[in-house]
Protein chains: 4
Amino acid sequence: MTRPRHVPSSIKDEQLVTIRRNQMIKAAVKLFKEKGFHKTTTREVAKEAGFSIGTLYEYIRKKEDILFLVCDYIYERVMERLHVMIDTESGSQEELVRGVTSYFQLMDDMQDEVVIMYQEVKSLSRQAQEYVLQKEGAMIALFEQLLEKCTTGLRKEEIHLLANNITVQGQMWGFRRWMLQKTFTIDSYAKLQTQYLLQGANLFHEGGQSSGTVRI
Amino acid sequence: MTRPRHVPSSIKDEQLVTIRRNQMIKAAVKLFKEKGFHKTTTREVAKEAGFSIGTLYEYIRKKEDILFLVCDYIYERVMERLHVMIDTESGSQEELVRGVTSYFQLMDDMQDEVVIMYQEVKSLSRQAQEYVLQKEGAMIALFEQLLEKCTTGLRKEEIHLLANNITVQGQMWGFRRWMLQKTFTIDSYAKLQTQYLLQGANLFHEGGQSSGTVRI
Amino acid sequence: MTRPRHVPSSIKDEQLVTIRRNQMIKAAVKLFKEKGFHKTTTREVAKEAGFSIGTLYEYIRKKEDILFLVCDYIYERVMERLHVMIDTESGSQEELVRGVTSYFQLMDDMQDEVVIMYQEVKSLSRQAQEYVLQKEGAMIALFEQLLEKCTTGLRKEEIHLLANNITVQGQMWGFRRWMLQKTFTIDSYAKLQTQYLLQGANLFHEGGQSSGTVRI
Amino acid sequence: MTRPRHVPSSIKDEQLVTIRRNQMIKAAVKLFKEKGFHKTTTREVAKEAGFSIGTLYEYIRKKEDILFLVCDYIYERVMERLHVMIDTESGSQEELVRGVTSYFQLMDDMQDEVVIMYQEVKSLSRQAQEYVLQKEGAMIALFEQLLEKCTTGLRKEEIHLLANNITVQGQMWGFRRWMLQKTFTIDSYAKLQTQYLLQGANLFHEGGQSSGTVRI
DNA sequence: GATGAATGAGCATTCATTCAT
DNA sequence: TATGAATGAATGCTCATTCAT
């Protein structure tokens with residue numbers, strides 16, 4: 001993936017741009033996690049990234065760009081992972097479960113980044129916000145594809161809602177960690193949520209699986 | 001409910017404090033919705049509320065207090081509504097559905113407030129954040145009570161997760177309005193989500209309602 | 001002494017004015033001592049004095065007036081005491097010593113007030129400052145009278161300098177308390193300073209030590 | 001002397017820090033002299049110093065730091081001058097006189113600075129105040145050394161008091177200029193005060209005037 | 001390309017003072 | 001007379017951004 005043209009840099013060397021921006025993103029995630037976007041200064045990001053404030057501004061135009069780069073980075077990683085799933089799945093219910101579980105795992109890995117993104121999008125320009133929403137839409141679309149592939153008998157709007165539910169349940173694992181992670185591990189969480197998902201949408205193939213014994 | 005002593009005011013007239021703070025909250029919600037907490041200045045809040053900056057600071061100590069008052073106000077209203085539900089319900093499944101639906105309605109009414117709260121809690125002091133989390137915990141606990149009352153055969157952790165799912169699904173109606181509200185009305189959303197909820201947790205009492213025709 | 005017309009009040013009852021202002025002065029001295037004039041708010045003075053901010057402003061026009069009243073109060077007390085001395089002394093050297101010692105005692109009593117006054121005069125209006133300087137001048141003049149009465153052979157300028165030295169040495173007992181009061185009591189301090197004073201000005205009667213040739 | 005680490009700066013170039021701070025001190029002294037510390041705004045200091053408010057704050061953290069730098073600067077100059085005296089004097093009475101006179105000359109040069117310092121120390125933090133008192137203590141100690149070197153037969157406490165008297169008499173030349181400088185020049189003032197000092201402490205060599213029985 | 005000193009717009013907060021009750 | 005709510009000018013301080021070296 002080439003770096004999006006949304007954030008221009010005055011540096012010519014494309015490779016250097018990528019290196020420096022990755023340093024910036026890493027530094028920014030660390031700091032935004034601790035103090036939030038607004039309470040983090042550009043100087044702090046530069047320092048944490050290992051270069052001067054002057055250098056920082058060679059690779060971005062405005063502070064907001066840093067946030068945008070972070071958001072972009074997150075979606076890139078999420079989409080990458082989801083694409084792998086979609087492309088390899090052939091449509092069975094197990095594969096749906098595997099896909100959702102894999103997404104939950106990713107959300108576990110990227111808790112901090114996701115929380116940052118959701119808490120700070122408001123700070124982006126309208127334009128950048130639209131870009132992010134569009135990415136979020138693309139993510140939902142992937143889940144819709146996955147659901148379409150792996151289920152039958154669901155109406156479009158049902159698929160839409162389920163895709164949203166999956167997405168949000170992945171995110172809430174990070175958002176509500178202070179509550180959920182007292183009771184669940186990511187595995188037990190993923191298991192129970194996918195079970196509710198399948199049952200809720202009445203997706204269990206065979207017969208009487210909605211008898212009491214089904215759970216767990 | 002008297003206003004909590006968490007935010008001291010230098011004005012002695014308790015009633016006046018309540019009036020002015022409600023003006024402030026209303027103004028703040030409007031502005032925070034438009035521009036976020038950080039980009040809203042205290043002067044703007046004062047002006048929107050209809051009094052001077054000096055007067056604003058007679059009723060709060062720090063800008064953060066405004067945000068806290070907003071959060072507190074939201075929880076007060078949510079808890080109030082939930083309490084009514086809990087207290088009047090006697091335990092049938094219809095009442096669970098009614099409770100959840102009522103909560104979704106409330107979340108529809110308070111979309112802006114809820115979005116603000118979730119996007120800006122990070123800006124609160126640690127202490128205030130803890131207060132908010134505690135309130136959120138109390139809300140979850142109410143849903144757990146409701147579930148306990150209206151279901152059987154669910155393990156503690158299942159009830160916990162379901163309570164969280166309900167809560168988050170209510171909130172996401174506001175958060176993801178740009179996506180969900182293209183497809184659903186609050187009623188159709190509530191209906192489908194509660195259906196998934198009941199089915200997911202295997203709560204339909206008897207018979208054929210989980211046949212294909214059940215959906216919708 | 002009638003209260004000086006320098007600080008007008010909107011209250012008619014002269015007696016009440018005196019009472020309230022004395023409350024104010026007492027409160028102000030306490031607070032200025034602790035935090036200085038600038039860091040003390042008018043509200044704090046009012047509260048400490050036992051009435052409301054509104055009432056405070058019935059008895060003064062500006063915050064500065066409080067400081068002025070304090071200064072005025074101090075001089076009134078100092079002058080009062082010095083007058084007693086001057087009026088009763090008949091001119092012997094013992095009486096000079098007694099007068100100076102008595103002044104030192106007073107400075108010991110009024111340490112806080114004196115320190116406040118000297119540290120904060122700068123905050124007064126030019127006009128008020130002149131009034132204070134004039135009072136200080138009057139005080140010096142009293143010491144000059146005392147010296148004149150009790151000594152012989154001193155030139156005008158010598159008397160002037162000695163009067164200033166006495167005055168300042170009284171004040172420094174308060175100013176430099178952190179240093180002087182580790183080594184001296186007010187009594188031992190007074191004794192040693194008056195001794196230096198008399199010797200320095202060559203005022204011991206008996207013996208040859210006051211031979212005219214000594215002075216440079 | 002490197003500038004003390006008490007006031008950190010975010011500028012790395014040590015030399016530049018010294019230059020800018022000297023500009024600040026000069027500007028501050030001028031303004032504080034005119035209007036006092038509290039009535040002088042940081043913007044005014046910056047403007048007078050010839051740079052922007054932003055730049056000012058690159059070299060200090062808080063307004064108080066400016067005052068501290070002024071105090072520190074004064075003591076540095078005073079101590080420097082006193083050290084020269086102490087180091088070169090070998091112990092004769094003439095040299096004591098020369099030392100004191102030189103100090104008086106310095107106090108004449110630094111009248112404004114000294115007055116500012118004494119009027120505004122109260123505005124410093126407790127910590128900074130202690131630093132200043134400690135410097136003042138060091139100054140007294142130097143005078144004690146000088147007295148010890150140049151006199152005989154004086155008790156410790158006498159030396160202590162005399163050192164304080166010298167110090168304060170130097171300072172009062174600035175404080176009471178409105179009164180003293182009508183009558184004296186710094187030279188005539190120095191001459192008369194040193195005379196009183198020597199006589200007062202009974203230090204004239206010739207003749208019997210220092211007979212032990214005189215004191216007390 | 002990298003640096004970091006300089007800039008100043010912008011904002012939260014304070015507090016003396018007024019005035020209607 | 002006494003009260004205290006309302007006011008808004010004033011000010012300390014921050015921090016994104018620029019640009020000369």
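Values below: all heavy atoms of this structure, side chains included; hydrogens, waters and symmetry mates excluded. Quick note on labels: first sequence line is chain A, next is B, and so on, each numbered from 1.
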Item to check | Lys47(A) atom NZ, over 12 foreign heavy atoms within 6.0 Å | outcome: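 No - once you tally the heavy atoms of other residues, nucleotides and ligands closer than 6.0 Å, there are 12 at most.
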
Checklist entry - So, is Ser52(B) near the phosphate of dA6(F), with a side-chain N or O under 4.0 Å from OP1 or OP2? => result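 So the side-chain polar atoms of Ser52(B) never come under 4.0 Å of the phosphate oxygens OP1 or OP2 of dA6(F).
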
Checklist entry - Below 4.0 angstrom from OP1 or OP2 of dT13(E), is there any side-chain N or O of Tyr57(B)? => result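 Yes, because at least one side-chain N or O of Tyr57(B) sits under 4.0 Å from OP1 or OP2 of dT13(E).
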
Checklist entry - Going by the angle between their ring planes, with limits at 30° and 60°, are His38(A) and His38(B) parallel, tilted or perpendicular? => result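 If you compare the ring of His38(A) with that of His38(B), the planes turn out parallel.
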
Item to check | Along DNA chain E (nearest heavy atom to each residue), the more 5'-positioned of Arg43(C) and Tyr59(D) | outcome: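 That would be Tyr59(D).
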
Item to check | Residue met sooner reading DNA chain E from 5', once Ile53(D) and Glu58(C) are mapped to nucleotides | outcome: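 Per heavy-atom nearest nucleotide, the more 5' residue is Ile53(D).
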
Checklist entry - Between Lys35(D) and Glu44(D), is there a side-chain N and carboxylate O pair less than 4.0 Å apart? => result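 The answer is yes: the pair qualifies as a salt bridge.
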
Next on the checklist: Assuming nearest nucleotide by heavy-atom distance, tell me which of His38(A) and Ser10(C) is located more 5' along DNA chain F.
Outcome noted: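 Looking at DNA chain F, the more 5' nearest nucleotide goes with Ser10(C).
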
Checklist entry - Which sits closer to the 5' end of DNA chain F, Thr55(C) or Lys62(A), going by the nucleotide each is nearest to? => result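 Nearer the 5' end of the strand: Thr55(C).
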
Next on the checklist: Both atom distances under 3.5 Å, Watson-Crick or G-U wobble: I'd like the secondary structure of DNA chain F as a dot-bracket string, with | for pairs made across strands.
Outcome noted: .||||||||||||||||||||

Next on the checklist: Could you walk me through whether Val7(C) and Tyr59(C) satisfy the side chain to side chain contact (heavy atoms under 4.5 Å, CB included) test, starting with their C-alpha distance in whole Å, then the side-chain angles of each, then the deciding distance to 0.1 Å, before giving a yes or no?
Outcome noted: CA-CA 8 Å; Val7(C) 181; Tyr59(C) 295 92; over 6 Å; no

Checklist entry - Can you tell which of dG12(F), dA5(E), dA16(F) lies closest to the side chain of Thr42(D)? => result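 So the side chain of Thr42(D) is nearest to dG12(F).
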
Checklist entry - Below 3.5 Å, does any donor atom in the side chain of Arg20(C) face an acceptor in the base of dT1(F), or the other way round? => result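 No, no donor-acceptor pair under 3.5 Å.
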
Item to check | Results of side-chain hydrogen bond (donor to acceptor under 3.5 Å, both in side chains) for Lys63(A) - residues two or more places apart only | outcome: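 Expected list: none.
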
